[in-house]
> 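Questions regarding the structure given below will be posed in turn.
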Amino acid sequence: MAVKVYDIANQLEGELRKTDEFLALESAYTELKKNQKAYDLFKNFQQINMKLQQKQMQGENLEDSEIDEAKKLADKVGKFKEIQTLMDKEKGLSQIMEDLNGIITKPVQELYAN
């Protein structure tokens with residue numbers, strides 16, 4: 001039975017790539033990469049966010065300087081139309097992912113609800 005679940009998951013992955021939301025995100029990412037300055041800033045923003053998330057997950061406190069750096073970078077990121085478009089498209093895809101997660105985890109949620 002587990003193999004069938006994985007087959008379905010792989011099929012779902014393929015179908016997700018065909019959605020309007022994924023295609024819009026893919027297009028926005030392609031456009032972002034055309035602006036090297038925006039792309040480099042976006043990649044830097046991703047790295048800093050990942051670093052801060054890892055620290056938090058490990059129970060470490062974030063230093064004020066790290067928070068300030070992230071805020072300054074977020075302000076810079078917000079000034080690039082290409083990055084804003086990418087983030088907007090990412091929100092659309094994230095909504096689908098949240099909906100799918102809710103559907104997939106429904107049996108466990110129902111189990112624990114009783």
Side-chain angles (χ1 to χ4, degrees):
M1 180 62 149
V3 172
K4 185 175 181 178
V5 172
Y6 286 103
D7 289 343
I8 293 169
N10 285 315
Q11 181 181 353
L12 181 58
E13 180 259 343
E15 293 299 318
L16 188 62
R17 289 177 185 272
K18 298 175 189 174
T19 64
D20 291 341
E21 291 80 1
F22 179 81
L23 294 172
L25 178 62
E26 186 175 46
S27 176
Y29 190 65
T30 298
E31 288 301 311
L32 171 64
K33 291 193 306 186
K34 290 178 183 177
N35 181 336
Q36 192 63 50
K37 187 174 181 181
Y39 179 72
D40 291 344
L41 187 64
F42 176 72
K43 286 303 200 180
N44 189 20
F45 183 69
Q46 281 185 311
Q47 289 173 346
I48 288 175
N49 278 338
M50 195 175 304
K51 177 181 138 188
L52 296 179
Q53 286 175 359
Q54 286 174 344
K55 280 187 80 168
Q56 286 181 316
M57 288 173 35
Q58 293 171 352
E60 297 178 35
N61 291 326
L62 301 180
E63 296 178 21
D64 289 341
S65 62
E66 292 173 315
I67 295 170
D68 289 342
E69 180 185 3
K71 285 180 182 178
K72 287 177 186 174
L73 193 55
D75 287 342
K76 288 180 184 177
V77 162
K79 293 178 182 175
F80 284 91
K81 176 187 65 143
E82 297 91 345
I83 298 174
Q84 288 303 311
T85 299
L86 179 78
M87 290 180 164
D88 288 343
K89 301 305 178 189
E90 192 174 291
K91 286 178 189 175
L93 185 62
S94 289
Q95 184 60 56
I96 290 177
M97 301 292 280
E98 285 179 39
D99 293 347
L100 291 172
N101 188 50
I103 293 167
I104 292 167
T105 59
K106 188 174 182 179
V108 176
Q109 292 170 3
E110 288 177 350
L111 177 68
Y112 289 147
N114 293 326

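In this chain, numbering begins with 1 at the start of the sequence shown. All values derive from a computational prediction rather than experimental measurement.
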> Side-chain contact test, heavy atoms from C-beta onward, threshold under 4.5 Å: evaluate it for M50 versus Q47 and give yes or no.
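Side-chain contact under 4.5 Å: no.
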
> Could you grab the distance from atom CE of M57 to atom CG of L52, nearest 0.5 Å is fine?
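Nearest 0.5 Å value for the CE-CG distance: 12.5 Å.
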
> Report yes if the side chains of Q56 and E60 come closer than 4.5 Å at any heavy-atom pair, otherwise no.
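Contact flag for Q56/E60 side chains = no.
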
> Decide side chain to side chain contact (heavy atoms under 4.5 Å, CB included) for K79 and K76; before the verdict, give the C-alpha distance in whole Å, the side-chain angles of both, and the deciding distance to 0.1 Å.
CA-CA 5 Å; K79 293 178 182 175; K76 288 180 184 177; 5.6 Å; no

> Taking atom CD1 of I48 and atom CD of Q46, what is their separation to the nearest 0.5 Å?
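The distance works out to 11.5 Å.
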
> Would you say the side-chain atoms of N10 pair up with the backbone N or O of Y6, donor to acceptor, closer than 3.5 Å?
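Here the side-chain-to-backbone pair exists.
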
> How about D75: does its CG atom have over 12 heavy atoms from other parts shown lying under 6.0 Å from it?
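Yes, because the 6.0 Å sphere around CG of D75 holds more than 12 heavy atoms from other groups.
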
> From I104 CD1 over to M97 CE, what is the distance, rounded to the nearest 0.5 angstrom?
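Going from CD1 on I104 over to CE on M97, the span is 8.5 Å.
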
> Is the backbone of L23 close enough, under 3.5 Å, to the side chain of S27 for a donor and an acceptor to pair up by distance?
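Checking the backbone N and O of L23 against the side chain of S27, no donor-acceptor pair under 3.5 Å is found.
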
> May I ask you to check whether D99 and Q95 show a side-chain donor-acceptor distance below 3.5 Å?
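Side-chain D/A pair, D99 to Q95: present.
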
> My understanding is that only residues two or more places apart in sequence, or in another chain, count here; which of them pass side chain to side chain contact (heavy atoms under 4.5 Å, CB included) with I67?
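For I67 the side chain to side chain contact (heavy atoms under 4.5 Å, CB included) partners, ignoring immediate neighbours, are L62, K71.
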
> Rounded to the nearest 0.5 Å, how far apart are CG of N61 and NZ of K55?
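If I round to the nearest 0.5 Å, the distance is 8.5 Å.
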
> What distance do N114 atom CG and Q109 atom CD have between them, rounded to the nearest 0.5 Å?
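Going from the CG atom of N114 to the CD atom of Q109 covers 12.5 Å.
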
> What verdict does the side-chain hydrogen bond (donor to acceptor under 3.5 Å, both in side chains) test give for D7 and Q11, after you've listed the backbone C-alpha separation in whole Å, the side-chain angles of each residue and the deciding distance to 0.1 Å?
CA-CA 6 Å; D7 289 343; Q11 181 181 353; over 6 Å; no

> Could you check whether any side-chain heavy atom of K51 comes within less than 4.5 Å of a side-chain heavy atom of E66, counting everything from C-beta outward?
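Sidechains of E66 and K51: in contact.
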
> Any non-hydrogen side-chain atom of E69 less than 4.5 Å from a side-chain atom of K72?
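No - every pair of side-chain heavy atoms lies 4.5 Å or more apart.
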
> Not counting sequence neighbours, list each pair that qualifies as a side-chain hydrogen bond (donor to acceptor under 3.5 Å, both in side chains) and has a residue in residues 80-94.
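Qualifying pairs, neighbours excluded: N35-E82.
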
> Testing F45, Y39, F42 for side-chain contact (heavy atoms from CB on, under 4.5 Å) with I83, which one passes?
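Going through F45, Y39, F42 one by one, the side-chain contact (heavy atoms from CB on, under 4.5 Å) with I83 is satisfied by F42 alone.
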
> As an exercise, state the distance from CD of E110 to OG1 of T105, rounded to the nearest 0.5 Å.
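OG1 of T105 is found 10.0 Å from CD of E110.
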
> So, do V77 and M87 sit near enough that their side-chain heavy atoms are less than 4.5 Å apart?
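Answer yes - side chains close enough.
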
> Within the distance-only criterion (no hydrogens, no angle test), does the side chain of T19 pair as donor or acceptor with the backbone N or O of F22 below 3.5 angstrom?
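Yes: the side chain of T19 pairs with the backbone of F22.
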
